[in-house]
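Every chain is numbered from 1, with letters handed out A, B, ... down the list of sequences.
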Amino acid sequence: MDRTYDFVKIEKKWQKIWETEKTFKVEADTSRPKYYNLEMFPYPSGNLHMGHVRNYAIGDVIARFKSMNGFNVLHPMGWDSFGLPAENAAIKHGIPPKKWTLDNIDNMRSQLKTMGISYDWDREVATCKPDYYKFTQWMFLQLFHKGLAYKKEASVNWCPGCQTVLANEQVVDGACERCDSIVEKKKLNQWFFRITDYAQRLLDNLDNPALMPGWPEKVKTMQRNWIGRSEGCEFSLEIADRAEKITVYTTRPDTVYGVTYMVLAPEHPLVEAISQGTEQEEAVKDFVYRMQFTSDIARTSSDAEKEGVFTGAYAIHPLTQEKIPIWIANYVLLDYGTGAIMAVPAHDQRDFDFAQKYGLPIQVVIQGENTPLDGNTLTEAYTGDGKLVHSANLDGCSVEEAKKKVTAHLEELGIGKRTVNFRLRDWLISRQRYWGAPIPIVYCEKCGIVPVPEDQLPVLLPESVSFKPNGESPLKYAEEFVHCSCPNCGGNASRETDTMDTFVCSSWYYMRFCDAHNDQLPFDKEKAKYWMPVDQYTGGVEHAILHLMYARFFNMFLKDMGLLENEEPFSRLLTQGMVLKDGTKMSKSLGNVVSPEEIINRYGADTARLFILFAAPPERDLEWSDKGVEGSYRFLNRIWRLVGECIEKANAGTIPSSLNEVSQELHRKTHATIKKVTTDIQDRFNFNTAISAMMELTNTLTACKDHKDLCPEVLYETIQSLLLLLSPVTPHICEELWQACGFNGKISEQHWPVWDESALEQAEIEMAVQISGKVRDHMMIGTHLSVEEIQAAVLSSEKIQTLIEGKAVVKVVVVPGKLVNVVVK
RNA sequence: GCGGGCGUGGCGAAAUUGGCAGACGCGCUAGAUUUAGGCUCUAGUGGGCACCCCCGUGCAGGUUCAACUCCUGUCGCCCGCACCA
């Protein structure tokens with residue numbers, strides 16, 4: 001065996017062996033339990049960053065651990081390879097998006113391979129390749145046929161930087177999540193997926209422990225908030241001297257007697273009609289016009305000043321028949337609820353602010369327990385519980401009672417009904433971009449919107465296109481792409497030139513891995529039945545809403561189609577923390593980026609993996625430390641030397657039943673370590689404490705390795721166990737040492753070690769002795785002793801006798817194996 | 001404003017069911033080896049103190065024989081959502 005740890009040679013050697021022997025290739029095998037372990041696939045930006053290294057190191061430990069524990073592990077990798085950066089490269093540097101993307105994939109694949117991750121590379125997919133996007137288009141068609149993909153004219157988010165529309169989820173603080181341009185509103189005819197049909201199911205499953213047992217509460221909460229379910233009541237009001245009616249939505253029907261005005265969104269279709277001919281007509285027009293040019297952030301941020309204008313029209317209160325003025329205001333949104341509200345300033349802060357500003361009356365209808373409220377002196381809306389007042393026959397009711405009674409009454413009158421509202425909107429999937437999967441739709445002069453027949457898929461992206469410097473999609477100008485014949489009538493037709501949001505592509509890739517080369521179907525039903533759902537999914541929390549909700553929607557839809565049996569795609573989710581340097585996220589602009597390539601070249605992949613897993617638990621942010629990396633490198637060097645020194649003295653064979661003290665201690669420590677590492681990885685994913693336990697075992701081994709009485713069989717057992725335990729974390733060095741020790745086969749194909757509970761038993765154990773809760777002594781106590789015997793042993797000890805002299809023993813608490821507390825007075 | 005999370009040495013962290021706070025690592029100190037440096041090895045390392053001992057998990061209380069852990073209040077930081085009626 002080499003004296004020095006030559007990681008370059010070792011890592012290359014084993015990466016080649018794993019590749020040529022296809023060590024990690026798997027097939028569905030119903031006779032074996034499966035484990036589908038997946039890490040979020042990367043966008044091929046060109047280079048691996050530390051976040052990737054962390055993500056894939058975590059995933060690889062889980063995959064290797066499960067594999068050694070007898071599972072048939074599916075661990076695939078692919079590329080989320082459509083998207084705007086490729087197109088920007090084309091505009092800026094004239095490199096075709098396809099070439100740019102595939103080159104990046106090649107580079108990142110080879111970088112990934114230097115990490116030594118246990119992927120089944122035969123299942124690799126890239127979403128930008130026709131054999132993949134053919135089925136992304138197929139998915140679109142299925143949704144279309146079920147009425148879940150539809151086109152509508154809508155006011156949508158337009159990013160002037162990216163020259164495309166965006167989904168609601170891609171707008172962050174009124175700006176494009178990708179390029180930070182301020183998002184504008186545009187009325188466009190766009191394709192949507194009807195994800196709102198699944199809102200209730202997406203919500204309910206979050207609380208079903210059988211479906212999503214291993215999801216962090218944080219992510220589930222974020223999804224709940226995004227779906228935003230609220231229960232309330234919808235009812236209509238007549239407009240004085242007009243035929244039209246206004247429908248409002250409220251979650252507080254109990255406060256209906258407190259309504260003092262109404263508000264419509266400025267874009268509400270009734271605004272123009274009801275203000276026409278009134279003296280307010282001009283003011284309304286001005287306000288509506290101004291709102292058109294007010295950006296969404298300005299309008300919807302909570303610190304925005306509320307403003308509005310009276311329409312000149314009145315509604316009739318359905319219960320009191322009073323006339324109530326109708327206003328329009330910036331704080332009411334057209335696309336939530338009905339775009340119109342009943343305003344109850346006494347019990348809603350927004351209405352209160354507005355009423356104060358415009359001098360509208362405030363009528364209290366809920367009285368809290370203590371101080372009587374008065375609309376004239378109120379300083380903020382009262383939103384608490386209480387009894388109804390000033391509400392006709394409802395007076396004295398509780399809020400809950402009143403909600404039910406009012407809703408029932410409005411239902412009886414035939415003007416209202418109980419309703420549920422969601423904040424979730426349908427998913428806008430059209431993108432006016434080139435580098436994406438074309439939407440498989442044709443517009444025919446005679447037949448209208450015609451889906452491309454399945455047997456004509458894929459609709460290929462044309463490659464010879466020219467990119468416009470203004471960022472407009474070149475697809476619109478690709479004549480040979482746009483012009484086509486109608487699949488229905490054969491007449492003149494043109495293709496849809498929008499492509500799909502890349503989140504569509506990534507919503508089903510985990511299914512494709514089950515059967516990556518199927519050219520007839522996205523995947524074989526039986527294969528998916530075996531592999532799905534993903535047992536463990538690991539990735540960044542930035543996907544908590546977008547990707548993870550879209551993917552859940554796709555999975556449900558495919559289940560409803562009968563292609564899948566699992567209701568949810570991901571049973572367990574691990575959201576790993578960020579990798580920081582100097583307390584902040586690594587970024588080029590800050591110049592604090594540490595390149596994985598450099599670290600791997602300098603210390604090897606095993607060191608990089610070890611450090612990143614040891615430095616922090618996976619969910620937490622990790623502070624990068626160059627010194628810490630060196631520490632990890634030192635540890636591997638130590639293991640290398642230690643195994644080299646010890647293996648000569650070690651001997652295979654049965655461990656004698658009676659062992660001398662030093663051998664007994666090492667034997668016990670070895671089994672305690674197996675137990676600790678196994679439970680830390682299996683139950684908690686706490687790789688950091690698992691690694692620290694292995695370091696402790698290494699320390700123990702170092703201390704006793706040269707002892708003349710050390711039993712060679714115990715030494716053998718320790719070395720073998722240590723290598724097995726360490727192998728998921730640092731696979732290369734462990735393979736090499738395993739082979740150098742002359743052990744059988746490859747370490748990646750061995751069984752995980754099992755601890756022997758009886759080896760953990762000790763004749764006596766050190767217990768802490770407390771006097772009134774303060775530790776005063778430590779005593780070796782036989783583990784076979786009863787509570788009474790322990791108590792007697794402690795009280796008769798000389799030291800304790802001296803310490804409690806002159807005091808009365810009130811009580812003695814014995815926690816076997818841990819401590820004894822003598823309470824004195 | 002609402003929701004989720006966090007707060008422990010000089011630093012990254014550990015303490016899994018209420019049971020010895022600081023495992024493991026980094027850094028630091030001293031020593032051994034070495035011509036020297038590096039590597040490696042040994043010992044030490046929360047604060048105060050010569051010692052006994054005292055103090056110590058953001059802060060203030062509480063429950064308990066015993067609290068980083070449970071309860072009440074409070075401060076600070078991070079993340080998500082945010083005029084959603």
Side-chain angles (χ1 to χ4, degrees), chain A residues 172-173 216-226 228-230 232 248-252 255 263 265 299-306 329-333 335-344 347-351 353-354 383 421-425 541-542 544-545 577-578 580 610-611 614-617 619-632 634-635 637-638 641 676 679-680 683-684 686 688-696 698-699 702-703 766-778 810-824:
Chain A
V172 179
D173 291 332
E217 201 47 49
K218 175 184 170 136
V219 175
K220 292 202 280 188
T221 306
M222 283 166 73
Q223 294 211 353
R224 270 186 215 109
N225 290 342
W226 194 262
R229 183 184 194 274
S230 77
V248 297
Y249 170 72
T250 180
T251 53
R252 295 293 304 272
T255 61
V263 189
R299 244 188 85 177
T300 60
S301 76
S302 53
D303 45 296
E305 174 88 16
K306 287 177 183 48
N330 59 349
Y331 76 98
V332 173
L333 310 171
D335 59 353
Y336 182 77
T338 60
I341 63 159
M342 59 174 225
V344 186
H347 305 293
D348 181 288
Q349 190 57 41
R350 294 155 299 175
D351 297 345
D353 294 343
F354 192 79
T383 54
N421 249 295
F422 294 96
R423 280 189 33 206
L424 182 71
R425 309 292 148 85
V541 73
E542 66 274 17
I545 296 176
M578 285 187 296
L580 311 176
L610 179 68
F611 168 72
F614 177 58
E619 301 88 348
R620 209 182 296 190
D621 285 350
L622 181 155
E623 175 66 30
W624 185 265
S625 156
D626 292 328
K627 290 286 185 191
V629 177
E630 280 174 31
S632 295
R634 263 201 298 274
F635 175 69
N637 274 287
R638 235 177 121 202
R641 286 193 306 270
K676 169 86 177 145
T679 53
D680 275 1
D683 307 338
R684 315 197 300 159
N686 277 15
N688 55 331
T689 52
I691 291 166
S692 77
M694 293 186 261
M695 287 172 169
E696 282 187 56
T698 308
N699 291 343
T702 306
E766 193 184 70
M767 285 175 69
V769 182
Q770 299 180 328
I771 310 285
S772 295
K774 302 222 180 243
V775 180
R776 285 290 178 265
D777 195 17
H778 287 96
V810 179
K811 187 176 179 181
V812 180
V813 181
V814 178
V815 184
K818 301 237 159 117
L819 57 72
V820 178
N821 189 6
V822 182
V823 186
V824 294

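Within the nucleic acid shown, A:Pro617 comes within 4.0 Å of sugar-phosphate atoms alone, with no base atom in reach, counting heavy atoms only. Residue contacts shown for A:Glu217 are absent, as no nucleic acid heavy atom lies under 4.0 Å away. Heavy atoms of A:Thr221 sit under 4.0 angstrom from primed sugar atoms or phosphate atoms, though from no base atom. Note on A:Asp621: only backbone sugar-phosphate atoms sit closer than 4.0 angstrom, heavy atoms only; bases stay farther off. Residue A:Asn699 is classed as a sugar-phosphate contact, given heavy-atom separations below 4.0 Å to backbone atoms only. Residue-level contact check: A:Gln349 touches neither bases nor backbone, having no heavy atom under 4.0 Å from any strand.
Look at B:G38: it lacks any Watson-Crick or wobble partner with both distances under 3.5 angstrom. Remark: B:A23 base-pairs with no nucleotide in the shown strands. Criterion, Watson-Crick or G-U wobble with two distances under 3.5 Å. Nucleotide B:A82 forms a pair with no other nucleotide shown, judged by Watson-Crick or G-U wobble geometry with both contacts under 3.5 Å. Nucleotide B:G73 has B:C59 as its partner under the Watson-Crick or G-U criteria, with both atom distances under 3.5 Å. Remark: B:U33 base-pairs with no nucleotide; criterion is Watson-Crick or G-U wobble with both hydrogen-bond distances under 3.5 Å. The pairing partner recorded for B:C51 is none, the criterion being a Watson-Crick or G-U wobble arrangement whose two distances lie under 3.5 angstrom.
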Please determine whether side-chain contact (heavy atoms from CB on, under 4.5 Å) holds for the pair A:Ile341 and A:Asp351, giving the CA-CA distance in whole Å, both sets of side-chain angles, and the decisive distance to 0.1 Å.
CA-CA 10 Å; A:Ile341 63 159; A:Asp351 297 345; 3.6 Å; yes
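Put simply, A:Lys774 has a side-chain N or O that comes within less than 4.0 Å of OP1 or OP2 on B:C55. Using a 4.0 Å cut-off, some side-chain N or O of A:Tyr336 falls inside it from OP1 or OP2 of B:A85. Between A:Arg634 and B:C26, a side-chain N or O to OP1/OP2 separation shorter than 4.0 Å is present.
Between A:Asn686 and A:Glu696, the residue whose closest nucleotide on RNA chain B is further toward the 5' end is A:Asn686. Comparing A:Ala703 and A:Met342 by the nucleotide of RNA chain B whose heavy atom lies nearest to each, the residue mapping closer to the 5' end is A:Ala703.
With B:C54, B:A13, B:G19 as the choices, the nucleotide that has an atom nearest any side-chain atom of A:Asn688 turns out to be B:A13. For A:Lys218, taking side-chain heavy atoms from C-beta onward, the closest of the listed nucleotides B:C20, B:C24, B:G4 is B:G4. Considering only side-chain atoms of A:Arg776, the nucleotide from B:C54, B:A85, B:A13 that sits closest is B:C54. With B:G19, B:A23, B:A85 as the choices, the nucleotide that has an atom nearest any side-chain atom of A:Lys818 turns out to be B:G19. Closest to the side chain of A:Arg638, from the set B:G27, B:G25, B:A23, is B:G25. Taking only side-chain atoms of A:Lys627, from C-beta outward, the nucleotide of B:U16, B:G27, B:A14 with the closest atom is B:G27. Among the nucleotides B:G12, B:A82, B:A21, the one closest to any side-chain atom of A:Arg423 is B:A82. When distances run from any side-chain atom of A:Met695 to the nucleotides B:G19, B:C24, B:A85, the shortest one goes to B:C24. The side chain of A:Arg684 approaches B:A15 more closely than any other nucleotide in the set B:G3, B:A15, B:A13. Taking every side-chain heavy atom of A:Thr689 into account, B:A15 is the closest of B:G12, B:A15, B:C83.
B:U8 and B:C68 have their C1' atoms separated by 7 Å, given to the nearest Å. Taking atom P on both B:A82 and B:C75, the two are 26 Å apart, rounded to the nearest angstrom. Nucleotides B:C6 and B:U17 are separated by 23 Å at their C1' atoms, to the nearest Å. Taking atom P on both nucleotides, B:G37 is separated from B:C28 by 15 Å, rounded to a whole Å. The C1' atoms of B:G56 and B:C20 are separated by 15 Å, rounded to the nearest whole Å. Comparing B:C52 with B:U57, their C1' atoms are spaced 26 Å from each other, to the whole Å. Between the C1' atoms of B:G19 and B:G58, the separation comes to 24 Å (whole Å). Remark: the separation of the C1' atoms in B:A36 and B:A43 is 24 Å, to the nearest Å.
Nucleotide B:A82 holds its P atom 5 Å from the CH2 atom of A:Trp226, rounded to whole Å.
Closest heavy-atom contact between A:Met767 and A:Val815: CE-O, 3.5 Å.
At least one side-chain heavy atom of A:Asn330 sits under 4.5 Å from a side-chain heavy atom of A:Lys306.
Between the side chain of A:Lys306 and the base of B:C83, at least one donor-acceptor pair of N or O atoms lies under 3.5 Å. At a cut-off of 3.5 angstrom, the base of B:C65 holds at least one donor-acceptor pair with the side chain of A:Asn821.
Note on ring orientation: taking the six-membered ring where Trp is involved, the planes of A:Tyr331 and A:Phe354 are tilted (angle from 30° to 60°).
Residues A:Arg425 and A:Asp335 are paired through a salt bridge, judged by an N-O separation under 4.0 Å between the basic side chain and the carboxylate.
Here the side chain of A:Asp353 pairs no donor or acceptor atom with the backbone of A:Glu305 at under 3.5 angstrom. A donor-acceptor pair is defined here as one N or O able to donate and one able to accept, closer than 3.5 Å; no such pair exists between the side chain of A:Arg620 and the backbone of A:Gly577.
Of the inter-residue distances, the one linking A:Leu819 atom CG with A:Gln770 atom CD reads 5.0 Å to the nearest 0.5 angstrom.
Nucleotide B:G9 is shown with a syn base, its glycosidic torsion being within 90° of 0.
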